[in-house]
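Report on one structure; see the data block that follows.
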Amino acid sequence: MAYWLMKSEPTVFGIDHLAGAPRQTTSWDGVRNYQVRNMLRDDVRQGDQAFFYHSGCAVPGIAGIVNIVSAAHPDATAFDPSSEYYDAKSTFAEPIWYSVDVQLAQRFATLVTLPQLRGEKALKSMKLLQRGNRLSITPVRAAEWVHILALVP
DNA sequence: GCCAACGTTGGC
DNA sequence: GCCAACGTTGGC
């Protein structure tokens with residue numbers, strides 16, 4: 001079982017949206033970056049867990065934990081001309097983009113903030129914290145996962 | 001295949 | 001709103 005960190009802008013889809021969704025489950029769609037697509041398609045498995053990270057907001061940080069409840073399947077938004085994520089090049093026969101389904105596992109009472117994470121020596125080499133990292137999904141090492149869990153209030 | 005221009009992400 | 005970093009695009 002592997003660990004991941006998944007970024008989302010809370011004004012677009014935050015952990016509160018997930019908490020209010022049917023079965024507290026949603027399809028993690030809209031990924032349009034090939035590196036992230038490859039990770040989703042090839043490496044993310046049912047049963048994995050991920051931190052739900054809030055980005056592009058006043059207080060960036062980890063808001064909770066989700067369970068990966070399905071392996072990758074073609075991203076339906078790519079087939080939908082009315083979606084902002086529509087991609088005419090992605091077809092049912094040859095899908096380009098993929099998504100996984102995630103279910104809320106835990107919502108933290110308060111965020112583990114980005115400055116807090118940066119302050120932890122044990123997390124120095126975490127992908128999220130590397131200079132120039134912009135990937136919306138990054139792997140998290142087991143040791144990092146455990147270390148961060150200990151920071152949750 | 002190179003590379004400049006442009007677009008996006010995301011912290012600050 | 002600014003800017004660094006990086007991905008993508010497209011002309012050549």
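A note on names: the letters A, B, ... follow the listed sequences, proteins ahead of strands, and every chain is numbered from 1. These numbers come from a predicted model, not from an experiment.
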Open item on the list: Heavy atoms only, 4.0 Å cut-off, all strands: where does A:Glu9 land among base, sugar-phosphate and nothing?
Closed with: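 A:Glu9: no heavy atom of the nucleic acid under 4.0 Å.
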Task: A:Asn67-A:Gln49 side chain donor-acceptor pair, cut-off 3.5 Å - done: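 Yes, because at least one side-chain N or O of A:Asn67 sits under 3.5 Å from a partner of the opposite role on A:Gln49.
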Task: Polar side chain donor-acceptor pair, A:Asp101 to A:Ser27, under 3.5 angstrom - done: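 Side chains of A:Asp101 and A:Ser27: pair found under 3.5 Å.
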Task: A:Val69: hydrophobic cluster co-members (side-chain, 4.5 Å) - done: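 Joined to A:Val69, directly or through intermediates: none.
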Open item on the list: Expected output is a numbered-order residue list: members of residues 51-66 of chain A with a heavy atom under 4.0 Å from any atom of DNA chain B. What is it?
Closed with: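 By residue number: A:Tyr53, A:Ser55, A:Gly56, A:Pro60.
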Task: Under-4.0 Å side-chain N/O to phosphate OP1/OP2 contact, A:Lys7 with B:dT9 - done: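 The answer is no; no side-chain N or O of A:Lys7 sits under 4.0 Å from OP1 or OP2.
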Could you give the [atom1]-to-[atom2] distance, from [X] to [N], as a whole number of Å?
X: A:Leu5; N: B:dG10; atom1: CG; atom2: P; answer: 11 Å
X: A:Tyr34; N: C:dT8; atom1: OH; atom2: P; answer: 7 Å
X: A:Met6; N: B:dG10; atom1: CE; atom2: C1'; answer: 18 Å
X: A:Arg37; N: C:dT8; atom1: CZ; atom2: C1'; answer: 14 Å
X: A:Gln130; N: B:dT9; atom1: CD; atom2: C1'; answer: 17 Å
X: A:Leu114; N: B:dG11; atom1: CG; atom2: P; answer: 6 Å
X: A:Lys89; N: C:dT9; atom1: NZ; atom2: C1'; answer: 11 Å
X: A:Leu128; N: B:dG11; atom1: CG; atom2: C1'; answer: 11 Å

TODO: Using the ring pair (Phe, Tyr, Trp, His ring centres under 6.0 Å) rule, collect all pairs that involve residues 56-76 of chain A, keeping only residues at least two apart or in two chains.
DONE: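 The answer is none; no pair qualifies.
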TODO: Scan for ring pair (Phe, Tyr, Trp, His ring centres under 6.0 Å) pairs involving residues 93-150 of chain A, sequence neighbours excluded, and state none if there are none.
DONE: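 Qualifying pairs, neighbours excluded: A:Tyr3-A:Trp145, A:Tyr34-A:Trp97, A:Phe51-A:Trp145.
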Donor-acceptor list for residues 110-117 of chain A side chains, cut-off 3.5 Å, not counting sequence neighbours:
unit_1   : atom_1 : unit_2   : atom_2 : d
A:Thr113 : OG1    : A:Gln116 : N      : 3.2
A:Gln116 : OE1    : A:Thr113 : N      : 3.2

Taking salt bridge (Lys or Arg N to Asp or Glu O under 4.0 Å) as the test, write out the residues that go with [X], two or more places apart.
X: A:Asp43; value: none
X: A:Arg107; value: A:Asp16
X: A:Arg32; value: A:Asp75
X: A:Lys121; value: none

N/O-N/O pairs, protein side and nucleotides 1-4 of chain B side, under 3.5 Å:
none

Task: Contacts of type side chain to side chain donor-acceptor pair (under 3.5 Å), residue A:His54, not counting sequence neighbours - done: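 Listed in chain order: nothing, the list is empty.
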TODO: Using five base pairs at each end, measure the axis-to-axis angle across the helix from B:dG1-C:dC12 to B:dC12-C:dG1 and round it to 10 degrees.
DONE: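 Inter-axis angle at the ends, rounded: 10°.
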